[in-house]
Amino acid sequence: MTANAMSTALYSDCLISSSELNRRSGYVLDTALTKPVTITRNNDSFALLKRELMANMAKGIEQMNNVNQLVNVAYRLSSGQDIESSNEFKWVAEFDSKERSELVNEVYEALELSKATDDWDEVKDVIHEWRESAIAIKSNELNKAFGK
């Protein structure tokens with residue numbers, strides 16, 4: 001299910017009262033197979049949806065957060081700001097301005113592809129490859145091996 005379909009599914013859910021859940025639990029579970037169900041009780045609401053949909057949504061949110069943090073670091077570096085050593089994206093500082101721009105463009109392309117295909121590993125893989133490149137750039141042993 002694509003990101004747009006997930007969003008549509010979440011906002012077009014089926015509202016069911018807790019008493020209807022008690023009377024028609026089979027129907028409620030069958031409905032939850034195809035779209036999210038909101039179960040209401042007093043002033044509370046509970047979401048019921050397939051675990052795979054929730055897991056994929058969580059994966060998408062995690063990767064979008066990673067993209068946001070990465071772009072923030074790239075922007076801050078371009079503005080001449082220092083990145084705290086505890087920042088998990090400090091490695092972006094190993095690249096020059098042009099390379100950071102390429103990194104951000106590649107990550108955004110992967111994000112668009114991931115949103116269209118629901119394969120959030122696309123974003124994860126691009127970030128991982130760039131991080132590995134930063135590690136290689138920083139490595140004294142590799143620099144010596146390549147005569148730099």
inquiry  = Tell me the closest heavy-atom pair linking V67 and V123, and the distance in Å.
reply    = CG2-CG1, 3.6 Å

key: 4.5 Å side-chain heavy-atom contact, I39 and E20   = no

inquiry  = On a heavy-atom basis, which atom in K50 and which in L33 lie closest, and how many Å separate them?
reply    = CD-O, 3.3 Å

query = Transitively linked via ILVMFWY side-chain contacts under 4.5 Å: I83 with V104?
reply = yes

query = Would you say S25's side chain and N22's backbone share a donor-acceptor pair under 3.5 angstrom?
reply = no

task = Name all pairs fulfilling the side-chain hydrogen bond (donor to acceptor under 3.5 Å, both in side chains) condition that reach into residues 90-107, sequence neighbours left out, sorted by first residue then second.
result = E106-W130

inquiry  = Would a single hydrophobic cluster contain both V37 and M57, if residues Ile, Leu, Val, Met, Phe, Trp and Tyr are joined by side-chain heavy-atom contacts under 4.5 Å?
reply    = no

Side chain proximity check, I135 to R131, heavy atoms < 4.5 angstrom = yes

inquiry  = Would you say that N66 contacts I127 through its side chain, given a criterion of any heavy-atom pair below 4.5 Å between the two side chains?
reply    = yes

remark   = Rounded to the nearest 0.5 Å, the OG atom of S17 sits from the CZ atom of R24 at a distance of 10.0 Å

query = Quick check: does any side chain N or O of S114 sit under 3.5 Å from a backbone N or O of D119, one acting as donor and the other as acceptor?
reply = yes

CA sep, side-chain torsions, deciding dist, call: E112, K115, salt bridge (charged side-chain N to carboxylate O under 4.0 Å, His left out) = CA-CA 5 Å; E112 289 305 311; K115 288 193 305 188; 3.2 Å; yes

ask   = Would you say L29 and L48 make side-chain contact, with heavy atoms under 4.5 Å?
value = yes

query = Of V126, V71, L113, which meets side chain to side chain contact (heavy atoms under 4.5 Å, CB included) against Y108?
reply = V71

query = What's the spacing between R23 CZ and I16 CD1 if we round to 0.5 Å?
reply = 10.5 Å

key: ILVMFWY network linking L103 to Y75, side-chain heavy atoms under 4.5 angstrom   = no

request  = Could you tell me whether the side chain of I137 reaches within less than 4.5 Å of the side chain of F95, counting heavy atoms only?
outcome  = yes

inquiry  = If I take atom OG1 from residue T40 and atom CG from residue L21, how far apart are they, to the nearest 0.5 angstrom?
reply    = 10.0 Å

task = Applying side chain to side chain contact (heavy atoms under 4.5 Å, CB included), name anything that partners E84, two or more places apart in sequence or on another chain.
result = R76, S86, N87

key: C14 versus K35, closest heavy-atom pair with distance   = CB-CE, 4.0 Å

task = Would you give the length of the straight line joining atom CD of Q63 to atom CD of E122, rounded to the nearest 0.5 angstrom?
result = 11.0 Å

